[in-house]
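Here the structure is laid out as structure tokens; the discussion comes afterwards.
Bear in mind the structure is a predicted one, so any value in this text is a computation, not a measurement. When a ligand or atom number is given, it counts from 1 through the structure's own listing order.
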Amino acid sequence: MAVQSEDSGCAEAAGDPVALSRKEYSVSSRAAVLEGPRRLQLRRIAIPDELPAGAALVRIEGGGMCGTDVHQYRGLAGAAGQPPPYPMVLGHEPVGVIERLSPDASPGWGVSVGDRVAVEPTASCGVCPRCAAGQRHQCPDRQVYSYLPIDRAPSLWGAYADYLVVLPGTVLHPMPAHVEIADAVFFNPLAAALSWTIDVGGTQRGEDVLVIGPGQRGLASIIALKEAGAGRIIVAGRERDGRKFDIARSLGATDVLEDLDVADAVLDITGGRGVHRAFDFTPAPDALRLAVAATGRGGTVMYVARHGEAGLPADDLLRKELTVKTALGAESAAFAQAVAVLASGRHDLSALHTHRIGLDDVDLAVRILAGEVDGQDAIHVTVVP
Ligand SMILES: [Zn+2]
Ligand SMILES: [Zn+2]
């Protein structure tokens, strides 16, 4: 196994990157390795002379962090039920520059050495019915970055590192140079938001919508719903931090309701009709009840977080003939759309970017995003090598 472990904790083990020669950089990569639940270490991993067949080597410029990182850190299974295969390099939302291409790399990528790219989180077979339908995240043979163990050579399967090895079957999106790195790595949550609210959720121009939970996903969805031309964008949540409601307004929310017991308020805002679509981004059982109560006849309720056995109010769903939709990952087309939206500069995302953290402090970054660090309230965290 081409991995050298450093023996002290994450923060101390980093070394001083400035002291490293260019030569050292080119033969090895620092990588934030999750060894087990809550055990993160910065290691140095050799960069292979020869890439796996069809692969690319990407020099990481930044990686976005989301709730999945927190799940992995805490030892919980992923959304699709997969347990974290420790030890593994964390990070699955990378943006970087093509450093090297294997001689048989896919011409379909259409990229050259030196190109800046956003890397989709999944390598998939590309030919099965799910892949053909654009649902590459549901491919039975999918491989998800950061969910590959470092035992598998060449080990560099995560975004929180200097370098990432990209497998064939991964979709790469050219990322324009003018998109600032924190915005650029937002391609992943924005793709999910576009996929959930428009491609799967079906939002049409002029429709009234309810967004429950103004966290990273909910706020990204406001951007997506603006892109869809939604009418009233009502945001409800029980956030500790009122700032998230301010950000929701700045992104285009027309109404904010700082509680979840607000079905009557939603009906008032919509002239008694209820919203056309409600999107629940929380794991709270009363959020699902709000979504159902606030949605008008024939409308759609969508949720994307696990709710355990909480259950939906079946009779209310039936009485109003509501449609229930769910989603886990983003559909392929949404990633390209997300890059286009970011490149357009139509939305000011600066208020979302609460933390930019180096490789030395990935452990701290995950704990901040998890809400475990007093005085730190994170929305979007970018890890930069
Ligand atoms: Zn993610
Ligand atoms: Zn497939």
For the student: nearest non-hydrogen atoms of V165 and A55, plus distance: CG1-CB, 4.1 Å
Pairwise distance OG1(T68) to NE2(H92) - rounded to 0.5 angstrom: 4.5 Å
Side chain to side chain donor-acceptor pair (under 3.5 Å), paired with H380, selected from Q216, H353, R356: H353
F187/H173 aromatic ring centres below 6.0 Å: no
Donor-acceptor contact below 3.5 Å, side chain R100 vs main chain V113: no
Protein N, O or S within less than 2.8 Å of the Zn ion (ligand 1), waters excluded: C66 SG, H92 NE2, E93 OE2
From CA spacing to verdict: side-chain hydrogen bond (donor to acceptor under 3.5 Å, both in side chains), Q376, H355: CA-CA 9 Å; Q376 300 285 332; H355 294 79; 2.7 Å; yes
